[in-house]
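Before any comments, here is the structure.
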Amino acid sequence: MRLTDYFIPTLRESPKEAQIPSHSFMLRAGLIKQSSAGIYSWLPLGLKVLKNIEEIVRLEMNRTGSQEILMPTIQPAEIWRESGRYEDYGKEMLRIVDRHDREMLYGPTNEEMITDLFRSTIRSYRDLPKNLYHQQWKFRDEVRPRFGVMRGKEFLMKDAYSFDLDREGAIRSYNQMFVAYLRIFNQMGLKAIPMKAETGPIGGDLSHEFLVLADTGESEVFYHKDILNFKVPNDEIDYSSELQTIVDEWTSLYAATSEKADQNVHTELNDSLMSARGIEVGHIFYFGTKYSKAMSASVADSNGNLRYLEMGSYGIGVSRLVGAIIEASHDDKGIIWPESIAPFKVGIINLRKDDGLCVKESDLLYSAIGDAGLSVLYDDRDESGGAKFANMDLIGLPWQVIVGPRGLKEGQVEIKNRATNQKQSVPLGEVLNVLSGR
RNA sequence: CGGAGCGUGGCGCAGUCUGGUAGCGCACUUCGCUGGGGGUGAAGGGGUCGGAGGUUCGAAUCCUCUCGCUCCGACCA
């Protein structure tokens with residue numbers, strides 16, 4: 001993509017409503033545009049990142065055997081009355097009345113809907129276990145939206161739901177998601193720590209939140225320092241194997257948000273205790289028969305007896321992750337995208353639009369890099385070098401290829417790594433090798 | 001929902017107290033010089049001052065109502 005063709009409205013100054021780096025950079029780099037409080041349009045650059053995150057989540061969820069579906073954003077009120085949450089959820093739920101005076105709502109989550117879907121189609125224990133997920137926009141009428149997409153009213157969430165015949169099966173499903181979450185966040189360059197969590201309005205007796213450490217996090221967290229050394233399961237992972245040992249390891253050391261914090265443990269841990277702030281990016285629940293009982297979702301077991309489904313639900317804040325990743329990865333100049341989710345892998349800066357050789361070599365590199373299958377954003381504007389450097393650093397692409405007359409005299413360009421700030425002069429013919437050789 | 005504050009050009013702000021021709025920086029347009037970290041000169045374009053009503057010869061400025069946004073607190077992926 002040529003920058004002169006791209007819709008990327010960047011700002012030199014930060015809008016005053018942006019209080020934290022991720023919000024400021026997302027506005028300044030042209031990722032999002034606020035529509036109203038807590039509601040945003042996603043612009044091309046931001047949407048690319050969002051899609052990249054979605055895709056990482058999708059691939060890993062599919063690996064676990066979970067199957068993707070897509071449920072509606074608008075839900076009928078009846079099923080929420082059945083579960084009892086229509087009243088419980090309060091004003092956060094956006095309620096709508098259609099032209100026939102039917103009560104509807106913009107879904108803040110989908111436990112009722114999936115339970116309704118499942119109970120009306122599944123009859124036998126032979127159909128279990130199942131795990132279904134979707135990535136759909138949710139709406140929670142937050143009293144006070146803030147921090148940009150980190151705490152918006154409208155947000156994209158991946159939510160998965162597991163159905164098992166018994167508790168043992170449900171724990172297996174829970175463990176699969178637990179391990180998948182470790183891997184998903186890891187693939188985005190994040191260190192996410194699972195912590196014992198409150199089950200809140202979803203209910204249940206087993207629950208973990210996954211938190212990314214960041215100074216601007218909304219939650220205060222405490223953890224044993226060694227938890228940061230635990231290994232995330234690699235690509236060889238087999239989701240049908242016994243995962244309990246992995247879960248046991250990751251839950252063996254103390255880690256808790258302030259709501260679940262235990263002062264006695266803190267005293268015991270002493271120097272091993274770390275205190276920090278965290279951003280919740282995932283939350284998994286095992287809640288048993290809470291919804292299946294309320295909504296009569298059952299199957300026949302092998303003896304022909306009806307049994308209520310054992311369920312769990314598993315959320316990931318997809319749109320929030322865009323902000324969370326920036327919080328975890330930026331400097332004073334701008335965003336530093338991890339390669340796996342970067343909107344483009346490479347940015348080309350042509351320092352001299354009026355220099356024929358610079359234009360020619362930049363054009364050639366642009367084609368060559370694109371042909372090699374690497375996504376590339378080409379700054380072909382007639383701007384000063386300083387402006388282009390500042391802009392590219394703000395956008396935060398992992399690799400910058402800087403083409404200028406000085407280097408071209410020697411047949412070289414400069415390649416800069418945004419994260420390490422390391423620069424190396426590279427002969428024109430070696431650029432592709434350097435970029436793809438990693 | 002309690003408390004506080006702010007709405008003036010795309011962004012950041014001054015002007016409001018004390019009513020009298022709407023300003024500044026950045027961004028934008030054209031031209032020139034410049035060209036390896038947001039350079040520079042000249043010439044331009046763009047705002048019924050959030051909205052409605054009122055007071056006044058005259059309202060961005062005073063009064064009333066209203067809408068929106070932000071911050072602190074309580075709540076949430």
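A note on names: the letters A, B, ... follow the listed sequences, proteins ahead of strands, and every chain is numbered from 1.
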Q: Identify which nucleotide among B:rG37, B:rU70, B:rG39 has an atom closest to any side-chain atom of A:A37, counting heavy atoms from C-beta outward.
A: B:rU70
Q.
Tell me whether the side-chain N or O atoms of A:R151 pair up with the base of B:rC75 as donor and acceptor below 3.5 Å, since no angle test is needed here.
A. yes
Q: Mind telling me whether A:H283 and A:F285 have parallel, tilted or perpendicular rings, with 30° and 60° as the class edges?
A: parallel
**Q.** Among B:rG38, B:rC75, B:rC76, the one nearest A:R320 by side-chain distance
**A.** B:rC76
Q | Among B:rC11, B:rC71, B:rC75, the nucleotide that comes nearest once only the side chain of A:Q19 is considered | A | B:rC71
**Q.** Nearest-neighbour nucleotide for the A:S384 side chain, B:rG12, B:rG39, B:rU70 considered
**A.** B:rG39
Q. Rounded to the nearest Å, what distance is computed from the CG atom of residue A:D379 to the P atom of nucleotide B:rG36?
A. 15 Å
Q) Of the nucleotides B:rG38, B:rC76, B:rG37, which has the atom closest to the A:K423 side chain? A) B:rG37
**Q.** A:L11 CG to B:rG10 P, straight-line distance once rounded to whole Å
**A.** 12 Å
**Q.** Shortest side-chain distance from A:R140, nucleotide among B:rC71, B:rG36, B:rC76
**A.** B:rC76
Q: Would you indicate which nucleotide in B:rC75, B:rG35, B:rG12 comes nearest to any side-chain atom of A:E142?
A: B:rC75
Q | Side chain of A:R352 (C-beta onward), nearest among B:rG35, B:rG37, B:rG38 | A | B:rG35
Q) Say you pick atom P in B:rG54 and the same atom in B:rC49; how far apart are they, in whole Å? A) 16 Å
Q. In terms of side-chain heavy atoms of A:D393, which of B:rG37, B:rG73, B:rG38 is nearest?
A. B:rG37
